[in-house]
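So that the names make sense, note that chain A is the first sequence line, chain B the second, and so on, each numbered from 1.
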Amino acid sequence: MDNKDFFERVYEVVRLVPYGRVTTYGAIARFLGSARSARMVGWALNKSLCQKEYVPAHRVVNRNGILTGKYYFGGSKVMEELLLSEGIRVVDDQIKDMEKYLWDPYEELV
DNA sequence: CGTCTGACGCACG
DNA sequence: GCGTGCGCCAGAC
């Protein structure tokens, strides 16, 4: 873990997100030790699009549950469709009852 | 080395 | 509830 780049750690956590669950940039940042580095998480995810191994970036949203990176996901509805296919309710580019689907690594990976 | 830029988050008004 | 501003850290120029 420590030998890996900040980005790779982000990828690992994101891959650990269970099917039908979502997490937030802030939660990941907090888990990595930099609670106020949420921007780095989003940036890392953007870079993740070029990674060989698939990273379920669609399961990562901001604190409000909004699909902020949908335009970077290769399409406008792709991200939403993926979430919907996992049983997650998405209304107006925002996750409905996201607290119910929220998967906080800080809570789960104690 | 100085500056800008982010898929964010939070404090303020 | 919404718009604005600032902090945060790492990478690109």
Side-chain angles (χ1 to χ4, degrees):
Chain A
M1 285 287 264
D2 296 331
N3 296 333
K4 296 187 177 182
D5 295 327
F6 184 88
F7 299 127
E8 292 186 56
R9 292 193 225 172
V10 175
Y11 304 151
E12 277 193 55
V13 177
V14 176
R15 290 196 193 101
L16 291 175
V17 179
Y19 180 92
R21 295 293 213 91
V22 297
T23 189
T24 67
Y25 303 99
I28 296 172
R30 188 159 54 105
F31 177 72
L32 294 178
S34 302
R36 301 173 188 83
S37 310
R39 312 182 82 173
M40 302 299 89
V41 177
W43 193 17
L45 284 173
N46 177 267
K47 191 180 167 190
S48 76
L49 298 175
C50 301
Q51 293 295 308
K52 290 182 180 178
E53 201 159 340
Y54 179 68
V55 178
H58 61 278
R59 292 179 189 154
V60 184
V61 295
N62 69 357
R63 192 60 180 111
N64 299 314
I66 300 174
L67 285 54
T68 48
K70 70 171 191 171
Y71 297 109
Y72 288 78
F73 212 76
S76 57
K77 294 182 180 175
V78 180
M79 192 170 181
E80 182 177 336
E81 291 294 327
L82 287 170
L83 291 172
L84 289 173
S85 67
E86 296 191 2
I88 299 174
R89 274 205 241 169
V90 179
V91 180
D92 191 28
D93 300 332
Q94 183 172 15
I95 296 177
K96 183 72 175 176
D97 300 326
M98 73 162 291
E99 294 183 0
K100 190 161 125 189
Y101 304 107
L102 182 60
W103 180 84
D104 188 340
Y106 202 77
E107 297 289 334
E108 304 293 336
L109 303 179
V110 183

#### Entry: Backbone of Q51(A) reached by a side-chain donor or acceptor of S48(A) within 3.5 Å
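Side chain of S48(A) to backbone of Q51(A): no pair is present.
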Return yes when atom [atom1] of [X] has more than 12 non-hydrogen atoms of other residues, nucleotides or ligands closer than 6.0 Å, and no otherwise.
X	atom1	result
R21(A)	CZ	yes
Y71(A)	OH	no
R63(A)	CZ	no

### Strand partner of dG3(C), provided both Watson-Crick or wobble distances fall under 3.5 Å
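Because both required distances fall under 3.5 Å, dG3(C) counts as paired with dC12(B).
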#### Entry: Any strand: nucleotide that pairs with dC1(B) via Watson-Crick or wobble, under 3.5 Å
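The base-pairing partner of dC1(B), which may sit in any strand shown, does not exist here.
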### Query
Tell me: CZ of R9(A) to P of dC9(C), nearest whole Å?
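So the CZ-P distance, R9(A) to dC9(C), works out to 14 Å.
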### Task
May I have the distance from L32(A) (atom CG) to dC8(C) (atom P), rounded to whole angstrom?
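Interatomic distance, CG of L32(A) to P of dC8(C): 18 Å.
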### Query
Tell me, for nucleotides 7-13 of chain B in 5' to 3' order, what letter each nucleotide earns: B for a base near a protein heavy atom under 4.0 Å, S for only sugar-phosphate near one, - for neither?
BBSS---
### Query
Which pair of heavy atoms, one from A44(A) and one from F7(A), lies closest together, and at what distance?
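Taking A44(A) first and F7(A) second, the nearest heavy atoms are CB-CD2, 2.9 Å.
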Between [atom1] of [X] and [atom2] of [Y], what distance do you get to the nearest 0.5 Å?
X	Y	atom1	atom2	value
Y54(A)	L49(A)	OH	CG	9.5 Å
E80(A)	D92(A)	CD	CG	9.0 Å
L45(A)	Y72(A)	CG	OH	13.0 Å

### Task
Have a look at S37(A) and say if it touches a base, only the backbone sugar-phosphate, or nothing, with a 4.0 Å heavy-atom cut-off.
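Touches sugar-phosphate only.
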### Close residues, residues 83-107 of chain A, relative to DNA chain B [heavy-atom separation under 4.0 Å]
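Going residue by residue through residues 83-107 of chain A, none turns out to have a heavy atom under 4.0 Å of DNA chain B.
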### Query
Say you pick atom C1' in dA7(B) and the same atom in dC13(C); how far apart are they, in whole Å?
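Pairwise C1' distance, dA7(B) against dC13(C), rounds to 22 Å.
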